[in-house]
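Worksheet: the structure to be examined is printed underneath.
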2 protein chains.
Amino acid sequence: MRTLGTPEPETAPRTVTIQDVARRAGVSTATVSRAIALPERVAAATREAVFSAIRETGYTPNAAARSLRAKSTKMVLVLLPGIGNSFFTPVLNALEEVFTEGGYGVLIGYTRQSRSRETHYARVIRAGQVDGVLVVTGNVPRDEEFVSVPDTVPVSLMFSEVPGTAQFSVFDVDNRGASADAVRYLISQGHRRIAHIPGAESGLEARERLGGYCDAIREVGFPLDESLIWRGASNFDFASGERAAKDFFALDDKPTAVFAAADEIALGFMRALKNRGVGIPSDVSVIGFDDTEYAVHYDPALTTMRQPRNEMGRLAAQDLLRRMAARDGGIPTSKVRLPCELVVRESVRAVE
Amino acid sequence: MRTLGTPEPETAPRTVTIQDVARRAGVSTATVSRAIALPERVAAATREAVFSAIRETGYTPNAAARSLRAKSTKMVLVLLPGIGNSFFTPVLNALEEVFTEGGYGVLIGYTRQSRSRETHYARVIRAGQVDGVLVVTGNVPRDEEFVSVPDTVPVSLMFSEVPGTAQFSVFDVDNRGASADAVRYLISQGHRRIAHIPGAESGLEARERLGGYCDAIREVGFPLDESLIWRGASNFDFASGERAAKDFFALDDKPTAVFAAADEIALGFMRALKNRGVGIPSDVSVIGFDDTEYAVHYDPALTTMRQPRNEMGRLAAQDLLRRMAARDGGIPTSKVRLPCELVVRESVRAVE
DNA sequence: CGAATTCTTGTAATCGATTACATCTACCGT
DNA sequence: ACGGTAGATGTAATCGATTACAAGAATTCG
């Protein structure tokens, strides 16, 4: 053992096992195990003897042995797409907190939309290395990813739904409805010519948000103008917003407001416009989606549609905790759709 | 097994073990184990038989059983302070990539500077749940954290050094020197009255950066003016920068340039100044530290001292990988100090 | 051709816990 | 006083792999 600054104790180099504790306490290993797991089923005196033996030896139960026998590792796998995107930071924070509190460790994996990575983590799951899986991603997971995941391992999805499956819990928001609300807000502020910067078309959320934009435009009878939909985003990132700025400048009849499918896109777009002397919101209003950490700190502070990321993380973790505790799917999966909330800041102005 | 969209195969509900494979291939379990671990030590024909048996049964070795016997879990624990701070995102990315490539899983833990959390993770380590530990944090770990971590588990530190210990590898930057360089750059641009916003005094890096600031000021013979050091940061965050802005406005003789101990602080400070009509860099120049993702996207883009976070992550992971592979400290620990790099953008202007 | 060496494979112990079952003691009511 | 029941503890099987050791088969070499 290594004890910073204090003299080396004369402990044996061998790791201490339950046997050592049992011997020292003068009981059997079964009793030690019980004293730890079900203290009330052991006589008070014995319990004390066991605990002091544990303290004296510095015993910590071996995780592998316990997992092997108990068929539970007390760990969950959290799969993230793995972009440098800080969107996931608060999610991961919430997950780690709830899981740790619940006695579970968090194994993270970045899928980086690579097939080999998915197979790798499929193997981790099949090896029984985790008791549950949480897929946090905007991408609809491909079939391969779940082939031969044992039924005994509960799986949950965050931020994207696999259509038509009852075997996963799903936690997401109504991307389409929330996007429509964002655009309706712009309309309520007097804007008539509103553009949209969608995310990468491959993602389900991006398509939903585009759908919401169209819904809101159509519902008030505005023409749906394809030249106002600036496709070409590769991701929810700054660069995509900057690229969209090119479309903006190429346009003769410019919009007075823009709805970006993500805050990062909005910020990149705003930056590019400001660089060329376009005022925000004086010349163009901008609204984003997500309410990431930097939205509030930008200049101007970004008006955006907030996703309750922390709360979603908490709920998803609690649900998985519950399902892992119940043997054999005793608890049904849940589909939870949380409401988004419009956060009004400085990047949208009213026009008449 | 669960196979999305395809009919349920008639597999037994019981999980398939090495026994099943052995029986099917007509060999002993020892041979199966060898075929997997040391393919060259079994006859080609047998090897083929084993592999097809594996394929047919869909066998995946049980991680717990393997760990128990082999005394290695192929997992590392990465400890982060756990603030929502996105500073660590690229670090975590690099770590996950290198470790996964090296065949190790990444267990994350957020210490949240809480003692109970540290004890919790100490227990995880002692339970043999991980083969190595990487502490990624600005805080000097307290003794408690390492008490009774077995010598067999290599530990590395990133971004902060525990003074006087040879038992950990350390990966950091010369915070003091780099800070002095940042301030020297301001001086080279003609600034004479330069303020500093330090990070929380409890952190070693924050103190080092403050030291660097003082070095550079003294070295050119400027007076070291305490009213230009705006203490009171609680963290490397926006709020601390905003708080420092109060000190700025309270001052009669204002500085022409400010060195902030972190980008987040710089951004919060800039935001607060701009809100009150102070131009950056026209009225005040600002330089940050870290070069986080948002520095380049802010308006004005932040001039800052870059820490090679990704590279540090890679190096630290590779070092730990090497030390875990060597039995019993065959490889000495290393102290690696990487160079920072000044990234000139728009937030500093030359004065005469 | 026989002994030595090398390959290949199997047998069985082992890792360190958990837990079903058995046993023993103590206490209870009638 | 005695059968019954509850409570406390021990015995030993078990989880699913790895691996030391042994043994048999094949090859090499003088």
Side-chain angles (χ1 to χ4, degrees), chain A residues 12-51 53-54 57-74 123-124 126-129 131 150 152 327, chain B residues 12-51 53-54 57-74 123-124 126-129 131 150 152 327:
Chain A
R14 206 174 53 79
T15 80
V16 18
T17 75
I18 199 172
Q19 303 272 2
D20 303 320
V21 176
R23 208 170 306 127
R24 182 157 199 139
V27 298
S28 75
T29 62
T31 300
V32 176
S33 181
R34 276 188 217 107
I36 295 170
L38 317 101
E40 74 283 3
R41 309 226 356 149
V42 173
T46 324
R47 200 189 312 142
E48 274 322 303
V50 170
F51 284 149
I54 289 177
T57 54
Y59 168 70
T60 307
N62 178 287
R66 174 176 284 187
S67 299
L68 177 57
R69 184 62 227 250
K71 297 196 172 309
S72 147
T73 57
K74 291 288 178 181
R123 209 166 8 240
V124 167
R126 298 221 334 229
Q129 217 161 114
D131 293 348
T152 48
R327 40 217 132 283
Chain B
R14 206 173 53 78
T15 80
V16 18
T17 75
I18 199 172
Q19 303 273 1
D20 303 320
V21 176
R23 206 170 307 127
R24 182 157 199 137
V27 297
S28 74
T29 63
T31 302
V32 176
S33 181
R34 278 189 214 106
I36 295 170
L38 318 100
E40 73 283 1
R41 308 227 356 150
V42 305
T46 323
R47 201 191 309 143
E48 274 321 302
V50 169
F51 284 151
I54 288 177
T57 54
Y59 168 71
T60 308
N62 179 287
R66 174 176 285 187
S67 298
L68 177 58
R69 183 63 227 248
K71 297 197 173 308
S72 148
T73 57
K74 292 288 179 182
R123 208 167 6 240
V124 167
R126 298 221 334 231
Q129 216 162 117
D131 293 347
T152 48
R327 40 218 133 282

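In what follows, chains are A, B, ... by sequence order, proteins preceding strands, each numbered from 1. These numbers come from a predicted model, not from an experiment.
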Worksheet entry | Separation of C:dC7 P from B:Arg41 CZ (nearest whole Å) | 8 Å
Worksheet item: Nearest nucleotide by nearest heavy atom, which residue falls closer to the 5' end of DNA chain D, B:Pro61 or A:Val42?
Response: A:Val42
Item to complete: State which of D:dA8, C:dC15, C:dA17 makes the closest approach to the side chain of B:Lys71.
Response: C:dC15
Item to complete: Select base, sugar-phosphate, or nothing to describe what B:Ser67 touches, counting heavy atoms under 4.0 Å on all strands.
Response: nothing
Worksheet entry | Sugar-phosphate only, base, or nothing, as touched by B:Ala43 at under 4.0 Å among non-hydrogen atoms | sugar-phosphate
Worksheet item: Under a 4.5 Å cut-off applied to non-hydrogen side-chain atoms, are A:Val50 and A:Arg47 in contact?
Response: no
Worksheet item: What is the distance, rounded to the nearest whole Å, between atom CZ of B:Arg66 and atom P of D:dA17?
Response: 8 Å
Worksheet item: Are the side chain of A:Thr73 and the backbone of A:Gln129 linked by a donor-acceptor contact shorter than 3.5 Å?
Response: yes
Worksheet item: Rounded to whole angstroms, how far apart are CD on A:Glu40 and P on D:dT9?
Response: 13 Å
Worksheet item: C:dA17, C:dT9, D:dG16: which one has an atom nearest the side-chain heavy atoms of A:Ile18?
Response: C:dA17
Worksheet item: Rounding to a whole Å, what distance do you find between A:Arg47:CZ and D:dG7:P?
Response: 14 Å
Worksheet, complete the sentence: Picking from C:dG10, C:dG16, D:dA17, the nucleotide nearest the side-chain atoms of A:Thr15 would be C:dG16
Practice prompt. Report the nucleotide, chosen from C:dG10, D:dC15, D:dG16, that has the shortest atom-to-atom distance to any side-chain atom of A:Arg69.
Written response: D:dC15
Item to complete: Measure from CZ on B:Arg34 to C1' on C:dG10 and round the result to the nearest Å.
Response: 8 Å
Practice prompt. Nearest whole angstrom, please: distance from the C1' of D:dT19 to the CD1 of B:Ile36.
Written response: 14 Å
Worksheet item: So which one's nearest nucleotide on DNA chain C is more toward 5', B:Ala70 or B:Val27?
Response: B:Val27
Item to complete: Return the minimal non-hydrogen interatomic distance between B:Ala35 and B:Val42, and the atom names on each side.
Response: N-CG1, 4.0 Å
Worksheet item: Reckon A:Thr17 has a side-chain N or O less than 4.0 Å from the OP1 or OP2 of C:dG16?
Response: no
Practice prompt. Can you figure out which of D:dT18, C:dT11, C:dG16 approaches the side chain of B:Leu68 most closely?
Written response: C:dG16
Item to complete: Give one of base, sugar-phosphate or nothing for B:Val32, where a contact means two heavy atoms less than 4.0 Å apart.
Response: nothing
Worksheet entry | Shortest non-hydrogen separation from B:Ala64 to A:Ser67 and the atoms involved | CB-CB, 3.7 Å
Worksheet entry | Nearest-nucleotide pick for B:Thr31, side chain only, options being C:dG16, C:dT9, D:dA8 | C:dT9
Response to the item:
Nearest heavy-atom approach of A:Ala127 to B:Pro61 is CB-O, 3.4 Å
Worksheet item: Atom CD of A:Gln19 and atom C1' of C:dC15: how far apart are they, to the nearest Å?
Response: 11 Å
Fill in: Shortest non-hydrogen separation from B:Arg66 to B:Ile36 and the atoms involved
NH2-CG2, 4.4 Å
Item to complete: Specify the separation, in whole Å, of atom CG of B:Leu38 and atom P of D:dT18.
Response: 10 Å
Worksheet item: Is A:Tyr59 near enough to C:dA17 that one of its side-chain N or O atoms lies under 4.0 angstrom from OP1 or OP2?
Response: yes
Item to complete: Compare side-chain N and O positions of A:Thr29 against OP1 and OP2 of D:dG10 and report whether any pair is under 4.0 Å apart.
Response: no
